[in-house]
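Reviewing the structure listed below.
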Amino acid sequence: PGMRFSKINQHWRPYTAICDFCNVKYKVISKMETFDEDRGSILDMLGLERELDRMHVLGGDQTRELTNQYFKNITEEVKSELLDLYKDDFALFNYDMDTYL
């Protein structure tokens, strides 16, 4: 990663550029798309009681629709550059690039 991402605001850098997967032995890596299921599994692993309600939750279809709206308004060149920038994240988290083309 290094210099390639150094000029990008840290909040927009690809996750693979800011998280050191090779040096940390994670027990769990969760995604927002599967957070409820992942959270239940993590609580089970820790022997904790599952909570029933989460407040202020957005995501799923609503996020997908909003993302598709944004991607309709950018050029093919910018789409290609964005997908290239985040290609390792797409691979790591099993996202489908075709969704954004």
Side-chain angles (χ1 to χ4, degrees):
M3 294 299 293
R4 178 176 180 202
F5 305 115
S6 64
K7 294 187 179 189
I8 298 175
N9 179 295
Q10 66 182 357
H11 297 98
W12 291 103
R13 287 182 191 154
Y15 199 72
T16 51
I18 59 173
C19 190
D20 198 356
F21 292 104
C22 295
N23 295 320
V24 176
K25 293 184 179 184
Y26 293 98
K27 293 194 185 292
V28 175
I29 296 176
S30 180
K31 299 190 315 187
M32 291 307 298
E33 296 84 355
T34 57
F35 182 76
D36 284 331
E37 180 182 339
D38 298 342
R39 179 178 61 122
S41 297
I42 293 166
L43 291 171
D44 288 347
M45 285 172 54
L46 297 172
L48 299 173
E49 189 174 319
R50 292 181 180 216
E51 297 174 22
L52 298 177
D53 296 323
R54 282 195 318 148
M55 304 288 287
H56 308 291
V57 177
L58 297 175
D61 290 336
Q62 185 177 3
T63 300
R64 214 173 346 273
E65 288 171 23
L66 185 59
T67 301
N68 287 333
Q69 280 182 316
Y70 287 141
F71 265 74
K72 285 180 184 176
N73 294 318
I74 60 175
T75 66
E76 292 301 316
E77 181 182 356
V78 171
K79 280 185 198 180
S80 179
E81 289 174 11
L82 284 170
L83 293 173
D84 183 55
L85 178 66
Y86 293 102
K87 68 182 174 208
D88 292 334
D89 285 5
F90 273 78
L92 181 66
F93 294 108
N94 197 30
Y95 292 130
D96 181 8
M97 284 189 171
D98 291 336
T99 302
Y100 303 96
L101 296 173

Measure the spacing between CG of L85 and CD1 of I8 and express it to the nearest 0.5 Å.
4.5 Å

Interatomic distance, CG@L83 vs CZ@F71, rounded to 0.5 Å, equals 5.5 Å

Single-linkage hydrophobic cluster L48~F35, side-chain heavy atoms < 4.5 angstrom:
no

Tell me whether V28 shares a hydrophobic cluster with F93, the cluster being built from Ile, Leu, Val, Met, Phe, Trp, Tyr side chains joined at under 4.5 Å.
no

Could you tell me which non-hydrogen atom of D38 sits nearest to which non-hydrogen atom of K31, and how far apart they are?
OD2-N, 3.4 Å

Return the set of residues passing ring pair (Phe, Tyr, Trp, His ring centres under 6.0 Å) with Y95 (not counting sequence neighbours), or none when no residue passes.
F90

Tell me which pairs pass side-chain hydrogen bond (donor to acceptor under 3.5 Å, both in side chains) where either residue lies in residues 75-91, with sequence neighbours left out.
R4-D84, T16-D89, E76-K79, D84-K87

Measure the spacing between CD1 of I29 and OH of Y15 and express it to the nearest 0.5 Å.
7.5 Å

